[in-house]
There are 2 protein chains.
Amino acid sequence: MPQFTAGELEVMQILWEHGAKKPAEIQAVFPREIKNAALRSVLAILLEKGHVTRRQVGKAFVYHAKTRRNGAFRSMIAELADQFCEGSTRTLLFNLVQSEKLSDDDIAELERLAKDTSSSSPKRKKS
Amino acid sequence: MPQFTAGELEVMQILWEHGAKKPAEIQAVFPREIKNAALRSVLAILLEKGHVTRRQVGKAFVYHAKTRRNGAFRSMIAELADQFCEGSTRTLLFNLVQSEKLSDDDIAELERLAKDTSSSSPKRKKS
DNA sequence: CCCCAAGTGCAGAAGGATCCGCATATTTAC
DNA sequence: GTAAATATGCGGATCCTTCTGCACTTGGGG
């Protein structure tokens with residue numbers, strides 16, 4: 001039971017990037033050819049799954065992403081961790097660090113980001 | 001076009017963990033109830049997709065994982081990176097490091113792993 | 001008021017994944 | 001040789017996603 005299918009994700013990406021939109025507007029900025037009705041089918045599924053809400057404006061429906069982009073990302077990472085890393089996102093992270101070829105600069109950046117969000121006060125920007 | 005569906009991944013996990021197996025053997029260690037014929041359907045799809053091979057042993061077929069576990073993991077990470085991190089696994093890694101709450105020990109471990117695989121000779125075990 | 005562009009609802013086709021039952025073949029035990 | 005157990009082949013049912021055509025409704029300009 002994947003959170004999102006490929007097509008559903010395509011639509012969510014639009015909503016995340018552009019905010020609330022009518023079907024026709026989503027269609028207008030869609031990265032590929034898609035029929036209005038096909039798009040509305042996907043929206044109906046997303047609505048059913050609770051990933052979007054909609055409200056009527058005039059005669060049209062405006063769709064709004066309910067599930068947040070980062071939340072979707074996190075949960076898909078968690079799914080991968082379940083399948084490959086005994087459910088541990090931390091283990092997944094370690095695996096990635098091992099298999100990625102990182103430059104020294106990358107490592108320094110990594111360290112900076114890690115420390116910035118781990119302990120200490122999270123409201124400091126940085127030095 | 002996801003590399004693997006949920007069911008396909010279930011089967012691959014068995015093959016990765018237990019090595020080459022006959023359908024009935026896979027069925028025996030399967031983490032849930034599954035009918036032999038259903039399992040063979042999945043194997044047929046995996047065969048078609050090229051993720052497994054099979055060779056006849058006696059009257060039975062022994063299935064063998066062709067796609068490697070780590071390769072599958074990497075490609076699924078790459079897919080996620082495409083959707084959420086402009087195609088960059090590095091960016092994905094950075095995002096993860098930011099959103100995970102890491103202890104100082106975790107960070108140290110991370111650093112160790114990163115340096116162990118980045119520059120320097122990759123054949124050294126460790127100090 | 002009338003028309004039309006914009007929007008929705010609906011029914012269903014197509015394709016893939018998942019699952020199932022049954023007929024058939026082959027190995028093995030006796 | 002024969003029967004039981006073990007496997008495969010196959011046809012097809014079911015479900016979900018994706019896509020399509022078409023009929024119907026409605027808001028707004030003239």
Side-chain angles (χ1 to χ4, degrees), chain A residues 1-15 18-65 67 72 75-76 79 82-83, chain B residues 1-15 18-65 67 72 75-76 79 82-83:
Chain A
M1 44 176 75
Q3 291 276 315
F4 299 96
T5 65
E8 288 163 12
L9 212 42
E10 282 184 297
V11 173
M12 291 303 290
Q13 297 288 7
I14 303 285
L15 292 179
H18 295 86
K21 286 244 169 304
K22 292 188 295 182
E25 294 169 338
I26 298 174
Q27 189 187 2
V29 298
F30 216 64
R32 62 180 174 86
E33 253 276 12
I34 189 174
K35 294 283 172 62
N36 184 280
L39 176 59
R40 280 183 292 124
S41 288
V42 179
L43 282 170
I45 291 177
L46 286 170
L47 193 59
E48 203 175 303
K49 292 190 178 176
H51 291 307
V52 303
T53 56
R54 70 179 191 182
R55 64 178 205 283
Q56 195 140 22
V57 171
K59 73 173 164 177
F61 286 112
V62 171
Y63 290 81
H64 173 268
T67 299
S75 92
M76 290 179 81
E79 206 176 304
D82 281 343
Q83 292 159 335
Chain B
M1 44 176 75
Q3 289 276 315
F4 299 97
T5 65
E8 289 163 10
L9 211 42
E10 282 183 298
V11 174
M12 292 303 290
Q13 298 288 6
I14 304 284
L15 292 180
H18 296 85
K21 287 246 169 302
K22 294 187 295 183
E25 295 170 338
I26 298 174
Q27 189 186 1
V29 298
F30 216 65
R32 63 179 174 87
E33 252 275 15
I34 189 173
K35 293 285 170 60
N36 185 278
L39 175 59
R40 281 183 290 125
S41 287
V42 178
L43 283 169
I45 291 177
L46 286 170
L47 193 60
E48 201 175 304
K49 291 188 177 177
H51 291 307
V52 303
T53 57
R54 70 181 191 181
R55 65 179 206 283
Q56 194 140 20
V57 171
K59 73 173 166 178
F61 286 113
V62 171
Y63 290 81
H64 173 268
T67 299
S75 93
M76 290 179 80
E79 207 177 302
D82 281 344
Q83 292 159 337

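Numbers restart at 1 for each chain; the letters A, B, ... are given by sequence-line order, proteins then strands. For clarity, every value in this text was computed on a predicted model and none was experimentally measured.
- Using a 4.0 Å heavy-atom cutoff across all strands shown, A37(B) reaches at least one base atom of the nucleic acid.
- In terms of heavy-atom proximity, I14(B) sits nearest to P31(B) at CD1-CD, 3.9 Å.
- For the pair R32(B) and K22(A), nearest-nucleotide mapping onto DNA chain C gives the more 5' position to K22(A).
- Under 3.5 Å, the side chain of R40(A) and the base of dG7(C) form no donor-acceptor pair of N or O atoms.
- Rounded to whole Å, the distance from CD on Q27(B) to C1' on dT18(C) is 15 Å.
- The number of heavy-atom neighbours closer than 6.0 Å to CD of E33(A), taken from other residues, nucleotides and ligands shown, is 12 or below.
- F30(A) has its CZ atom 10 Å from the P atom of dT18(D), to the nearest Å.
- Atom CD of E48(A) is surrounded by 12 or fewer heavy atoms from other residues, nucleotides or ligands within 6.0 Å.
- In this structure, I45(A) reaches the bases: a heavy-atom distance under 4.0 Å links it to at least one base atom across the strands shown.
- Among dC19(C), dT8(C), dC19(D), the nucleotide with an atom closest to any side-chain atom of S41(B) is dC19(C).
- Considering only side-chain atoms of V42(A), the nucleotide from dT18(D), dA17(C), dA6(C) that sits closest is dT18(D).
- At whole-Å resolution of the value, CD in E48(B) and C1' in dT18(C) are 14 Å apart.
- Across the protein-nucleic acid pair, Q56(B) atom CD and dT27(C) atom P stand 9 Å apart, rounded to whole Å.
- In this structure, the NZ atom of K49(B) is 10 Å from the P atom of dG16(C), given to the nearest Å.
- Taking 4.0 angstrom as the limit, T5(B) places a side-chain polar atom (N or O) nearer than this to OP1 or OP2 of dT18(C).
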As a quick check of understanding, evaluate side-chain contact (heavy atoms from CB on, under 4.5 Å) for V52(A) and M12(A), giving each step before the final call.
CA-CA 8 Å; V52(A) 303; M12(A) 291 303 290; 3.6 Å; yes
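- Across all strands, G58(B) comes closer than 4.0 Å to no nucleic acid atom at all (heavy-atom distances).
- Comparing atom distances between the N36(A) side chain and each of dC20(C), dT8(D), dT8(C) picks out dT8(C) as nearest.
- Atom CG of L43(A) and atom P of dG9(C) are 12 Å apart (whole Å).
- When the nucleotides dT27(C), dG21(D), dG7(C) are ranked by their closest atom to the side chain of K35(A), dG21(D) comes out on top.
- For K59(B) and dA7(D), a side-chain-to-base donor-acceptor distance below 3.5 Å is absent, hydrogens and geometry of angles not being considered.
- Heavy-atom minimum distance, P23(A) versus L39(A): O-CD2, 3.2 Å.
- One atom, CZ of F61(B), and another, P of dT6(D), lie 19 Å apart when rounded to the nearest Å.
- When rounded to the nearest whole Å, the span between CG of L39(B) and P of dT6(D) equals 16 Å.
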